[in-house]
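Encoded as structure tokens, the structure appears first; notes follow it.
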Amino acid sequence: MTGLLIVSSTSCVTKKKFLIAENGRIEALSRGDNLQGQLNECHNEMEKMRGEIDYLQQDTTKKANSIRHYQQLLTSNMSEQEKLNALLGEKLQTIQDLQGMIDQQNAKVQNLLNSVKDALLGFTSDELTVREQNGKVYVAMSDKLLFQSGSAKLDKRGEEALGKLAEVLNKQTEIDVYIEGHTDNKPIHTSQFKDNWDLSVIRATSVVRILIEKYQVNPLQIQPCGRGEFMPVADNESAEGRAKNRRTEIIMAPKLDKLFQMLQK
């Protein structure tokens, strides 16, 4: 009886252990399957990541090529920009130089205007007028001051006025001077003058001769011409208007040689 109990007890213990072991084996197999599934997922994820890495490497290569291309373009554009900046700088400097010369020219004109006005203070407005227009100084001398009617011979009072003006011209030698003779529209025909145009030319040259021969003004500064009746300042229908139109204009302007040279660059 005692021996049967021992066998029975041993058998029960072995079966229990067997069940435990079997359960452990089944659990291990299940864990193994689970781990294998995870491993497969890891392999798939790794393959996916490798594909993404390959794509990123290819994309990086493309972007690197693009960056190099844009860098080349940027370098080229910078070079062109530098050229444009240099050219712009030159143009701005030229503009500043021109503006400086124009300012100097305007200052010279103003100085000339003041000098002429001061020199001719002793003459009345019906004898002569002085004005500045378009960068030039105009001295309009009436026939009443300079000539007798129909004559090109200068009166003493006219020579005096020209002498005062010559003092300015001899001090400011960088000046171009234009002598313009003007008449009214009343026809003239004498043994000396064929018409008003002829008279205006001879009067202009008479003024030039006095300035050159009596007052030593440089002849290279002076250009005479006759305008006749064709540039009136007033209406020729009235005696007052015709009197204003009978005049000799002395037009003075500082030389523009340097300014022209600058514009030709």
Side-chain angles (χ1 to χ4, degrees), residues 109 112-234 236 241-255:
V109 171
L112 177 61
L113 178 65
N114 293 336
S115 297
V116 170
K117 284 183 175 180
D118 290 343
L120 300 175
L121 277 176
F123 298 89
T124 62
S125 59
D126 62 334
E127 290 179 318
L128 61 82
T129 59
V130 181
R131 74 183 192 281
E132 184 273 330
Q133 182 177 333
N134 299 328
K136 297 177 182 179
V137 175
Y138 289 76
V139 179
M141 296 186 175
S142 69
D143 281 3
K144 174 184 177 181
L145 174 66
L146 294 178
F147 306 104
Q148 293 183 2
S149 179
S151 172
K153 184 178 179 180
L154 278 152
D155 287 341
K156 189 173 182 179
R157 179 75 168 161
E159 287 191 17
E160 181 184 346
L162 293 176
K164 297 292 184 182
L165 189 60
E167 292 178 7
V168 176
L169 297 179
N170 287 330
K171 290 177 182 177
Q172 301 191 34
T173 56
E174 293 298 312
I175 296 174
D176 289 321
V177 184
Y178 306 89
I179 311 296
E180 291 185 352
H182 297 267
T183 69
D184 59 25
N185 65 346
K186 294 296 183 180
I188 184 174
H189 182 77
T190 66
S191 58
Q192 187 177 2
F193 308 113
K194 294 181 180 179
D195 51 31
N196 286 340
W197 211 335
D198 198 11
L199 173 62
S200 69
V201 171
I202 299 300
R203 282 180 167 178
T205 56
S206 295
V207 171
V208 170
R209 291 184 190 282
I210 291 295
L211 290 173
I212 293 173
E213 296 173 1
K214 187 170 183 177
Y215 298 113
Q216 290 77 50
V217 176
N218 184 356
L220 297 178
Q221 286 183 259
I222 306 178
Q223 298 181 40
C225 68
R227 298 291 190 178
E229 63 193 76
F230 301 103
M231 294 184 69
V233 294
N236 273 310
R242 288 193 296 272
K244 290 181 179 179
N245 292 332
R246 295 191 297 269
R247 70 196 187 280
T248 299
E249 285 195 331
I250 302 173
I251 306 166
M252 295 161 284
K255 291 182 181 295

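As the structure is a prediction and not an experimental result, all values here were calculated from the model.
- Considering all non-hydrogen atoms of both residues, Asp198 and Phe193 come closest at OD2-CA, 3.5 Å.
- Nearest heavy atoms, Pro224 versus Val208: CB-CG2, 3.5 Å.
- The distance from atom NZ of Lys244 to atom CG of Asp126, rounded to the nearest 0.5 Å, is 11.0 Å.
- Across Ala253 and Leu112, no two heavy atoms sit closer than the pair N-CD2, 4.4 Å.
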Checklist entry - Between Val137 and Val130, does a side chain to side chain contact (heavy atoms under 4.5 Å, CB included) hold up when you go through it step by step? => result CA-CA 7 Å; Val137 175; Val130 181; 4.2 Å; yes

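- In summary, of the residues considered (Lys255, Lys136, Gln223), a side-chain hydrogen bond (donor to acceptor under 3.5 Å, both in side chains) with Asp176 occurs for Lys255 alone.
- Atom CD1 of Ile179 is separated from atom SG of Cys225 by 9.0 Å, given to the nearest 0.5 angstrom.
- Atom CD1 in Ile212 sits 4.5 Å away from atom CD1 in Ile222 (nearest 0.5 Å).
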Next on the checklist: Before you tell me yes or no, could you show the steps for Leu113 and Arg131 under side chain to side chain contact (heavy atoms under 4.5 Å, CB included), namely the whole-Å CA-CA distance, both residues' side-chain angles and the distance that decides it to 0.1 Å?
Outcome noted: CA-CA 7 Å; Leu113 178 65; Arg131 74 183 192 281; 5.9 Å; no

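- The backbone N or O of Glu180 sits nowhere less than 3.5 Å from a side-chain atom of Glu249 that would complete a donor-acceptor pair.
- Residues forming a ring pair (Phe, Tyr, Trp, His ring centres under 6.0 Å) with Phe230 (at least two apart in sequence, or on another chain): Trp197.
- We find that Lys117 and Glu132 are not joined by a salt bridge, their nearest charged nitrogen and carboxylate oxygen being 4.0 Å or further apart.
- In this structure a side-chain-to-backbone donor-acceptor pair under 3.5 Å is missing from Asn245 to Glu229.
- Tested against Asp143, the residues Gln148, Arg247, Arg203 include a single side-chain hydrogen bond (donor to acceptor under 3.5 Å, both in side chains) partner, Arg203.
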Tabulate below the donor-acceptor pairs under 3.5 Å that side-chain atoms of residues 165-173 make, not counting sequence neighbours, or state none.
from: Asn170; atom 1: ND2; to: Ala166; atom 2: O; distance (Å): 3.2
from: Asn170; atom 1: ND2; to: Tyr215; atom 2: O; distance (Å): 3.0
from: Gln172; atom 1: NE2; to: Ser115; atom 2: OG; distance (Å): 3.3

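- In this structure, CG in Asp155 is found 8.5 Å from CZ in Phe147, a value given to the nearest 0.5 Å.
- Rounding to the nearest 0.5 Å places OG1 of Thr248 at 7.5 Å from NE2 of His182.
- A pairwise comparison of heavy atoms in Gly150 and Ile188 identifies CA-CD1, 4.0 Å as the closest pair.
- When the side-chain hydrogen bond (donor to acceptor under 3.5 Å, both in side chains) test is applied to Glu127, the partners found at least two apart in sequence or on another chain are Thr124, Arg157.
- The minimum heavy-atom distance linking Ser206 with Ala152 is given by the pair OG-O, 3.0 Å.
- Annotation: side chain of Met141 is in contact with side chain of Leu162 (closest heavy-atom distance under 4.5 Å).
- If you take CG on Asp195 and OG on Ser200, they are separated by 8.0 Å, rounding to the nearest 0.5 Å.
- Nearest heavy atoms, Val109 versus Pro254: CG2-CD, 3.6 Å.
- In this structure, Asn185 and Arg242 have side chains that are in contact, with non-hydrogen atoms separated by less than 4.5 Å.
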